[in-house]
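Remarks on the structure that follows.
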Amino acid sequence: MAMAAAAPHAPMAAAAASANVSITCSSYGDDECATSSWSLSSPHGRPYRRLLHDEAQRLRRARRSQGPGADTPRWVRRTTDQMSRYVEDDRAGHVYGRHVVAAVRAVRATASRPSADMRQAMASFITKLTFREMCVVLREQRGWRQARDFFAWMKLQMCYEPSVVAYTILLRLYGRVGKIKLAEETFLEMLEVGCEPDAVACGTLLCAYAQWGRHKDMMLFYSAVRSRDIVPPISVYNYMISSLQKQKLHGKVIQVWKQMLEAGVLPTQFTYTVVISSYVKEDLLEEAMGIFGEMRRYRFVPEEATYSLLISLSSKHGEGEQALRLFEEMRAQGIVPSNYTCASLLALYYKNEDYSKALALFSEMENNKIVPDEVIYGILIRIYGKLGLYEDAQHTFEEIEKADLLSDEQTYVAMAQVHMNVGHYDRGLEVLESMRTRNVKPSHFSYSALLRCYVAKEDMAAAEDSFRALSKYGRPDVFCCNDLLRLYIRLGHLEKARALVLKMRQDDFQLDDDLYMTVMELYCKSSMIDDSEKLFKEIQRSGKPLKIPTMLSLIEMYARNRTRGIQKEQSLSKAIEETGSSAAGMALKFLLDMPGGLSSVSQLISKLAREGEQAMSHTEYGALT
């Protein structure tokens, strides 16, 4: 192949010989970066033709195993002086001369002899290496000990001059193996000998700090670098922010980003991707979208992960339209969404009760051959439950179980909630129990579902156990407290109910509308007039509406307690009027102003008149309204 390539250039060679110009051939092999040349010029034509023949043979052997895709020689022009210098170097296909290659091997060989003396190993190379060639030998070292010892020998040579280049090479070698202390000592030595560090040297040490997680030292050194008006290149900034982000130091990433912009360094696509991710992790949607817009203006194409993070954060902040707009933009660019993106959109559709779009997205995932994960299946189960498609939800859950994807606690809880929504509490308990047998670690989600099941089954002991387990994960939410409190009231355990309310009060528990009504019902059933008055005023201050059954309970409590000792012939209405500006009186006024309130009050008075001081149940109050 080499001879065939050389044949068409025979006339060129003859012309070059008459013009005293060399024609050379450069070959780039796979195993080494080689530049081999030979000359056809006079008066030394025969030696150069012999070199041509030998090099052609070497290239033929090198290409023999490369197949039809082998590189062919490329002819270049060289003068006679250039060719003579090349022959004198005797590179034999190497990038550097043979003496440089021999020096590299000699230094590397000392690694196998721990007691070897670098001066003895390099004795034959004294005065043979230039400063540039010594830097090449230093750069080609693999072990930090060999590099350290050779640099010490290098500084003893006559041609050595302190240079930031040699120190930077040594810094890179130390940083590669994590010898940060040696790197710091080398940097200080560079300053002591009068070498002014440049952006490359400082960037090398910054990257070493970043690579080995020395972020505090990195930030201190970076401040010192900027105080000397040295601006590291963008590659160093990218290395720094990437290392900071891996350690979840997103605030530091944003800090370095702002300082980089102040220094006038132009970011790359990688920079934008990392910075947007950190802004998202810091829950800064507006700033993240601003940087995203700047990224688009510079015509950088965002990655799918960037779109996914912004869609998820937009959904979290209630910016559903923005999330959908980002999704449409991503699809317009032909970017296939990941499972994480699809899960964020499905959760958004579920939250907005836009179930048709959710099912359409799931069909689109099947068309794009996006394999759903367990999170997506869990959202799909919830959607089926909301739509009343109980069998579809059960079928999906069984499919996950058969595919051996069932490992997330929330998937079990989603299926259990579907069972509970249709009143199948036993089956809900079975699902949650199967989660325990498969060693899935429970959290407050599963204990909340267990509490709901036991409350519905009126299993007070099991409900209390679930509530205690739930309390280990922090303060239970208002829904769990309300469920347990209503269970106590329903079963007549008013003392336990009062103890629970007292514990919530001591913990400064914030009550919601339903829990306010349940606590008021407890106070009324227990005839706790003073507590009822306080709670009524608290409800008024919070501006929360008072429900009709609660007002009726309040009026009935006052009616029972204020009519004691009064003659039976005294009318009940007079007793209520005597409450004056009390909570019952105000509740009565509110009740009369509400639609259907007058009828409810009339029925209540008739009921109490017939049954005396017997209290009405909560179910009867609901019937009155």
Checklist entry - Does OH in Y473 sit with more than 12 non-hydrogen atoms of other residues, nucleotides or ligands closer than 6.0 Å? => result yes
Item to check | Distance-only donor-acceptor check, side chains T271 and T268, under 3.5 Å | outcome: yes
Next on the checklist: Between S407 and E374, is the side chain to side chain donor-acceptor pair (under 3.5 Å) condition met? List the steps.
Outcome noted: CA-CA 8 Å; S407 61; E374 186 179 359; 3.0 Å; yes
Checklist entry - Could you go step by step and tell me if D198 and I230 meet the side-chain contact (heavy atoms from CB on, under 4.5 Å) rule? => result CA-CA 7 Å; D198 57 6; I230 298 175; over 6 Å; no
Checklist entry - Got a salt bridge between R438 and E409, using NZ or NE/NH1/NH2 to carboxylate O under 4.0 Å? => result no
Item to check | Closest approach of F151 to A166 (non-hydrogen atoms, all atoms of both residues) | outcome: CE1-CB, 3.8 Å
Next on the checklist: Can you confirm whether more than 12 heavy atoms, excluding those of E321, are under 6.0 Å from its CD atom?
Outcome noted: no
Checklist entry - If we only count heavy atoms from C-beta on, is the S163 to F131 side-chain gap below 4.5 Å? => result yes
Checklist entry - Could you walk me through whether E196 and R228 pass the salt bridge (Lys or Arg N to Asp or Glu O under 4.0 Å) check? => result CA-CA 10 Å; E196 184 66 23; R228 301 173 73 102; 2.8 Å; yes
Item to check | Worked verdict on M289 versus L326 for side-chain contact (heavy atoms from CB on, under 4.5 Å) | outcome: CA-CA 10 Å; M289 290 301 300; L326 287 169; 4.2 Å; yes
Item to check | Contact summary for A103 and L129, nearest pair of heavy atoms | outcome: CB-CD1, 4.1 Å
Checklist entry - Near N367 CG, under 6.0 Å, is it more than 12 heavy atoms from other residues, nucleotides or ligands? => result yes
Checklist outcome for this item: Looking only at heavy atoms, the pair that brings I376 and C342 closest together is CD1-CB, 4.1 Å
Item to check | Steps toward side chain to side chain donor-acceptor pair (under 3.5 Å) verdict (E133, H99) | outcome: CA-CA 9 Å; E133 290 171 341; H99 64 294; 3.1 Å; yes
Item to check | More than 12 heavy atoms of other groups within 6.0 Å of R299 CZ | outcome: no
Item to check | Smallest separation among heavy atoms of I370 and P337, with atom names | outcome: CD1-O, 3.3 Å
Checklist entry - Do M260 and I241 pass the side-chain contact (heavy atoms from CB on, under 4.5 Å) test, and can you show the C-alpha distance, the side-chain angles, and the key distance before you say yes or no? => result CA-CA 11 Å; M260 185 189 80; I241 62 176; over 6 Å; no
Item to check | Salt-bridge criterion met for E184 and K181 (N-O under 4.0 Å) | outcome: no
Next on the checklist: Using 30° and 60° as the class boundaries, would you call the ring planes of F292 and Y307 parallel, tilted or perpendicular?
Outcome noted: perpendicular
Checklist entry - Where is the tightest heavy-atom contact between M134 and M154, given as atom of each residue plus distance? => result SD-CG, 3.7 Å
Item to check | E286 atom CD, neighbour heavy-atom count above 12 within 6.0 Å | outcome: no
Next on the checklist: Are the side chains of I180 and Y174 in contact, using a 4.5 Å heavy-atom criterion?
Outcome noted: no
Item to check | Y222 ring center near Y237 ring center (under 6.0 Å) | outcome: yes
Next on the checklist: Run H215 and S243 through side-chain contact (heavy atoms from CB on, under 4.5 Å) and show every step you take.
Outcome noted: CA-CA 8 Å; H215 298 109; S243 177; 2.7 Å; yes
Next on the checklist: Quiz question: by atom type and distance under 3.5 Å, do the side chains of Y377 and E399 form a donor-acceptor pair?
Outcome noted: no
Checklist entry - Does one side chain, of T341 or S344, offer a donor that lies under 3.5 Å from an acceptor on the other? => result no
Next on the checklist: Using a 6.0 Å cut-off, check whether atom OH of Y340 has over 12 heavy atoms from anything other than its own residue.
Outcome noted: no
Checklist entry - Going through the distances and angles, do Q269 and Y298 end up as a side chain to side chain donor-acceptor pair (under 3.5 Å)? => result CA-CA 9 Å; Q269 180 175 356; Y298 282 105; over 6 Å; no
Checklist entry - Between F187 and F221, is the gap from one ring center to the other below 6.0 Å? => result yes
Checklist entry - What closest approach, in Å, do L313 and L284 show between heavy atoms, and which atom pair accounts for it? => result CD2-C, 4.2 Å
Checklist entry - Can you pull the side chain to side chain donor-acceptor pair (under 3.5 Å) pairs that have at least one residue in residues 141-160, sequence neighbours excluded? => result K155-E189
Checklist entry - Between M218 and L244, is any pair of side-chain heavy atoms under 4.5 Å apart? => result yes
Item to check | Any side-chain heavy-atom pair of R226 and V231 under 4.5 Å | outcome: yes
